[in-house]
Peer 1: 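First, the structure itself, so that you have it in front of you.
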Amino acid sequence: MVNVLVVGSGGREHALGWKLSKSGRITNVFTAPGNGGTKNNVPIPVEDIDGLAEFAKKNDCFTVVGPEVPLSLGIVDKFQKMGLGIFGPTKAAAQLESSKIWAKQFLKKYGIPTAPFEVFDDAGAARDYVRSLDYDVVVKADGLAAGKGVIVCGDKNEAFEAIDTILVNRSFGSAGSRIIVEKRIDGTEASYIALSDGNVAIPMATSQDHKRIYDDDKGPNTGGMGAYSPTGVITPMLAEQIQHDIIDKTIESMKKEGITFRGFLYAGIMVHDGKPYVLEFNTRMGDPECQPILMRMDSDLFEYLEASSHGTLDMLPPISWKKQSAVCVVLASSGYPDSYQKNEKILGLDKIPESDAMVFHAGTRQENGDILTSGGRVLGVTALGDTLQDAISGAYLAVDKIEWKSKFYRKDIGKKGLRYL
Ligand code: GLY
């Protein structure tokens, strides 16, 4: 029996802790720093790697890292040096997410399908490049920018503005000291997440995120306003192609770079003319995708995360998934992804039994027995259903029972999946 320390404070980490706590091999699940819904919270920030290591050592924990920031700071390297069990990629492997330039150059070097691009640290040169093109572009900050460093441009003026925002005004700080200008590929986006131990990579269930703030995919990008699983966007044939041409090739090519990739490899895919292109990599589970994916997982998550960290995934059977669909509707505070109110009391959480839906917490905190809002994305209401439509209905029934003053959510989560049935 072991204890587990989940690092992070979002809906993803609540879902990871919930699923891990169902393992017969786990005594306690701790969460650092956690949120108003997670159990056994430990007040250590995700950047405090020394503090987390000390806690994990003292409490004999296997550690599961949720977000990208501690991975990019080398939490896995530190724990490994100390002989502590930990799940996730090393700092070198996490470069696939922590430097978009590193990732794009890697993709190009190994012939993994992605859009053509150029790298700039000079705004004038970037503008000249945009002027010379006869297609629209996407402008990306190199470093981590909490999901906001990617600007999809509809014309050249928007591209000039994006260059100014990232490179001149440094709206994302040093993450924007270099940028990528890449060809905008249109099509349908989906998330393909695999679990690797450095040798093999096994697919998680497919899913589709809803990144824009408003219905019908309008408005600015967010961290994700909802997700469903599985998605018909990724047909079995396309899944095979992504697994072979993108995931397996990435793991192999990382080895050629001298890097063993252990952890979740999340490929943000654009399907254009039936072909998959890598928009970006994340080296962790997606949030909110994690929530519907884990609701559908029948196998013991801990067994798989432990095997990933030991390099023994090939010893385990394929992951078993419920045939049902799952839908996660993110409840946010009005104003997100910009400024929003905090400290508003959330009502109705007690009206939703686990058999109807799981309410995974993100930006919440507890105070005197009340649950208050504390972040932009506040809750992920996640329901299972025999059909995608049933799961959508179940999630929105639960959503209606929850109230707070600035509650805001999309009304169309999962709708775009219905057209693939
Ligand atoms: N939902 C997108 C992400 O996790 O980055």
Side-chain angles (χ1 to χ4, degrees), residues 5-18 21 29-48 51-52 55 64-70 144-148 172-173 209-211 213 219-227 284-291 294 328-352 357-382 395 398-410 413:
L5 171 64
V6 177
V7 175
S9 60
R12 169 183 48 215
E13 287 74 28
H14 191 179
L16 284 167
W18 165 79
S21 68
V29 176
F30 299 98
T31 318
N35 58 41
T38 51
K39 301 219 169 77
N40 301 323
N41 288 348
V42 183
I44 306 175
V46 300
E47 299 85 1
D48 181 1
L52 292 166
F55 180 87
V64 175
V65 187
E68 60 278 19
V69 168
L144 296 176
K148 294 179 192 162
F172 308 113
D209 192 6
H210 296 62
K211 288 212 171 74
I213 186 77
N221 265 337
T222 67
M225 292 301 292
R284 51 166 174 85
M285 253 289 184
D287 194 4
E289 294 96 317
C290 184
Q291 302 173 48
L294 292 188
C328 169
V329 178
V330 169
L331 304 189
S333 281
S334 174
Y336 172 78
D338 298 321
S339 54
Y340 48 80
Q341 289 297 318
K342 288 185 189 172
N343 302 315
E344 293 180 349
K345 187 169 162 181
I346 304 173
L347 301 171
L349 292 167
D350 53 343
K351 293 189 192 136
I352 305 164
M358 279 303 302
V359 181
F360 294 116
H361 290 227
T364 70
R365 64 184 182 86
Q366 285 201 35
E367 191 178 280
N368 304 325
D370 290 331
I371 301 285
L372 306 181
T373 65
S374 66
R377 291 194 294 175
V378 176
L379 300 167
V381 179
T382 311
V399 163
D400 285 344
K401 294 182 182 158
I402 299 172
E403 288 307 332
W404 76 91
K405 205 161 155 236
S406 349
K407 172 183 155 191
F408 170 84
Y409 60 99
R410 275 179 63 158
I413 302 301

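Residue numbers count from 1 along this sequence.
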Peer 1: From S333 OG over to Y409 OH, what is the distance, rounded to the nearest 0.5 angstrom?
Peer 2: 14.0 Å
Peer 1: If I compare all heavy atoms of P67 with all of V46, which pair ends up nearest, and what's the gap?
Peer 2: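 Taking every non-hydrogen atom into account, CG-CG1, 4.4 Å.
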Peer 1: Determine whether a donor-acceptor pair (N or O, by modelled atom type, separation under 3.5 Å) exists between the side chain of T364 and the backbone of H361.
Peer 2: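 Not a single qualifying donor-acceptor pair exists.
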Peer 1: Any chance you could measure R410, atom CZ, to L331, atom CG, to the nearest 0.5 Å?
Peer 2: 13.5 Å
Peer 1: Please round to the nearest 0.5 Å and tell me the distance separating atom NZ of K405 and atom CG of L347.
Peer 2: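 With rounding to 0.5 Å, NZ (K405) is 13.0 Å from CG (L347).
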Peer 1: Using every non-hydrogen atom in the two residues, find where A332 and M225 come nearest and quote the distance to one decimal.
Peer 2: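 For A332 and M225, the tightest heavy-atom pair comes out as CB-CE, 4.0 Å.
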Peer 1: Check this for me, if you would: do E367 and R365 make a salt bridge, where the nitrogen-to-carboxylate-oxygen distance has to be below 4.0 angstrom?
Peer 2: yes
Peer 1: Report yes if some heavy atom in the side chain of V64 is under 4.5 Å from a heavy atom in the side chain of L5; otherwise report no.
Peer 2: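 No; the side chains remain at least 4.5 Å from each other.
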Peer 1: Can you tell which of I371, V329, I402 makes a side chain to side chain contact (heavy atoms under 4.5 Å, CB included) with L379?
Peer 2: I402
Peer 1: Distance only, no hydrogens: is a donor on one side chain within 3.5 Å (strictly under) of an acceptor on the other, for S406 and E344?
Peer 2: yes
Peer 1: Given side chains that start at C-beta, do those of F408 and Y336 come closer than 4.5 Å, heavy atoms only?
Peer 2: no
Peer 1: For the OG1 atom of T222 and the CG atom of D338, what is their distance to the nearest 0.5 Å?
Peer 2: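 Answer rounded to 0.5 Å: 11.0 Å.
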Peer 1: Within this structure, what is the CZ-CZ distance for the pair F360 and R377, rounded to the nearest 0.5 Å?
Peer 2: 14.0 Å
Peer 1: OG1/T382 to CH2/W18 distance, rounded to the nearest 0.5 angstrom?
Peer 2: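 Reported to 0.5 Å precision, the distance equals 8.5 Å.
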Peer 1: Please confirm whether the ring centroid of F30 lies under 6.0 Å from the ring centroid of F55.
Peer 2: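 Centroid separation for F30 and F55: below 6.0 Å.
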